[in-house]
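Protein chains get the first letters and strands the later ones, always in sequence-line order, with residue 1 at the start of each.
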2 protein chains.
Amino acid sequence: MAEDDRPAPGRNLTHRLLETTGRQIVTGHYAERPFPTEAELATGHRVSRSVTREAVKMLTAKGLLSARPRLGTTVQPEARWNLFDPDVLRWLLERPASVPLLRQFHQLRRAIEPTAAGLAAQTADAAGLAGIADGLVRMQQAEQGHDDPLEADIAFHVAVLRASNNPFFAQFRDVVGTALRFSIQVTNRIKGGTADVAAHGAVLAAIRDRDADRAERAMLAIIDDVSDLIEGSAGGGPRA
Amino acid sequence: MAEDDRPAPGRNLTHRLLETTGRQIVTGHYAERPFPTEAELATGHRVSRSVTREAVKMLTAKGLLSARPRLGTTVQPEARWNLFDPDVLRWLLERPASVPLLRQFHQLRRAIEPTAAGLAAQTADAAGLAGIADGLVRMQQAEQGHDDPLEADIAFHVAVLRASNNPFFAQFRDVVGTALRFSIQVTNRIKGGTADVAAHGAVLAAIRDRDADRAERAMLAIIDDVSDLIEGSAGGGPRA
DNA sequence: GAAGCATATTTGTATGATTAATAAAACCCC
DNA sequence: GGGGTTTTATTAATCATACAAATATGCTTC
């Protein structure tokens, strides 16, 4: 079963082991079989116990594992996982594409981003506005093939999160980034998004006008637009 | 000198070191002075290098630290911290009470919980409904002194998050718990919440009726109520 | 001055020995 | 037998030491 022994990048042995093991856990590799003991992990991966222990500690810190003497190291129930940890988030997406997960992502975006836009309208400073404006410019340039449309879109949404002046909202940049990147894999019929640029411009305008309500509605419209795409693509796939 | 050497609970040495060091980082103890090297940490805390390294790895996993050979271990910029990590969240709150942080918490709740209530109205199963109903019962009993009003309140809100059937929303249970517990410290003029029970009952009723819109509005009303308390006697929220 | 080299510092890795926690089995007393 | 106690085996936790790898800094050389 060397199926999960993919290359696994990483600066050092500990990070490599962290990657492969984290991915294995999230993909349910240890759903039935017991998680290996410290010594087994070490010999199995040809690394020292130090490396093993440190990787296990990192996975523990992310909520994936729990270790106690005599009990051994065990996988924590999924509810304890730190889903907003960038690594965990990435591992979640590296398993076979699931439309349900994508839908859950967008339910979250639907809750977060309109409110963030509203907050930005109330509190954004010059730098925040400039960041959003810059994202919009990139989208316009992408329209003419001078920039990557996906990255430009992400930059815009992340800029809004930042401009909310609330670190908790800013924290969602990884979620938005992964959700958007993942969307394009599933609903790969997304074009440059000609209509989108106008909608995004409306958000910026509302924020500039300090009109929180309008900003919220404009952002909500954008996200619901994407959500429709997702639900549409579910036609060929399983619907929850 | 020994100001930050508080007891620091924990099952083992590594967790104790994790606790004290994490708290120090979050409270800005290393804002100016450089973060100690591995050897310094070990001797300073009278523990072995293994313990030190494992604690540092856990803090790295939570986004607080970054270590590279020759460069040493350095504190990451605050934007990289995993704010939704339960430990980080707790350390944030253990520093002197800050009303801005509490306000940011409630801005987040305002974004999350109404949407969660709406989702619950659409997707909650029998178990989910039962959980919410149970929370409401606890609140009613707390009204008569038969339960802890704060814990009952938390139980209700967490139950709604769970009933949303979206693991990302369920993840916010720690945030809601800490935010509520923290609120009571700051706005300690909160009473049993006689009026609250009715408002919470309205949320449950809307979810039972599968009326997502009403559920959202009802939950929003509850949170804005608390937000008003935080803002003091300041004018109502900027909500149209 | 620019390119390359030496060096010192710090984390990374490996290994062996010992200790502590604890679940399960063995035991004992009634 | 049954209920509590003791032993035992297993596993993580801790400590100590040695060496390797990475890399910023400063020195040398041309």
Margin query: At 4.0 Å (heavy atoms only), tell me whether B:Val47 reaches a base, stays on the sugar-phosphate, or touches nothing.
Written below: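 The answer is sugar-phosphate, as B:Val47 gets under 4.0 Å only of primed atoms, P, OP1 or OP2.
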Next item on the list: Just compare C:dT15, D:dC15, C:dG12 and give me whichever is closest to any side-chain atom of A:Ser50.
Entry: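 For A:Ser50, the side-chain atoms sit closest to C:dT15.
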Is there a donor N/O on one and an acceptor N/O on the other, under 3.5 Å, for the side chain of [X] and the base of [N]?
| X | N | answer |
| --- | --- | --- |
| B:Arg70 | C:dA8 | yes |
| B:Ser48 | D:dA16 | no |
| A:Arg49 | D:dT14 | yes |

Rounded to whole angstrom units, what separation is found between the [atom1] atom of [X] and the [atom2] atom of [N]?
| X | N | atom1 | atom2 | result |
| --- | --- | --- | --- | --- |
| A:Leu71 | C:dA24 | CG | P | 8 Å |
| B:Leu18 | D:dA13 | CG | P | 13 Å |
| A:Arg68 | D:dT11 | CZ | C1' | 12 Å |
| A:Arg53 | C:dT15 | CZ | P | 16 Å |
| A:His15 | C:dT13 | NE2 | C1' | 14 Å |
| B:Glu38 | D:dT17 | CD | C1' | 14 Å |
| A:Leu65 | D:dT11 | CG | C1' | 15 Å |
| A:Leu13 | D:dA20 | CG | C1' | 11 Å |

Note to self: Can you classify the ring geometry of A:Phe84 versus B:Phe168 as parallel (below 30°), tilted (30 to 60°) or perpendicular (above 60°)?
What the structure shows: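 Rings of A:Phe84 and B:Phe168: tilted, 30 to 60°.
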Think [X] has a side-chain N or O under 4.0 angstrom from the OP1 or OP2 of [N]?
| X | N | value |
| --- | --- | --- |
| A:Thr14 | C:dG12 | no |
| A:Lys57 | D:dA13 | yes |
| B:Thr37 | C:dT11 | yes |

Can you tell me if [X] uses its side chain to pair, donor with acceptor, with the backbone of [Y] under 3.5 Å?
| X | Y | value |
| --- | --- | --- |
| B:His200 | B:Asp196 | yes |
| A:Thr43 | A:Glu40 | yes |
| B:Arg53 | A:Glu54 | no |

Checklist line | B:His106 and B:Arg109 side chains, donor-acceptor separation under 3.5 Å | finding: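 There is such a pair between these side chains.
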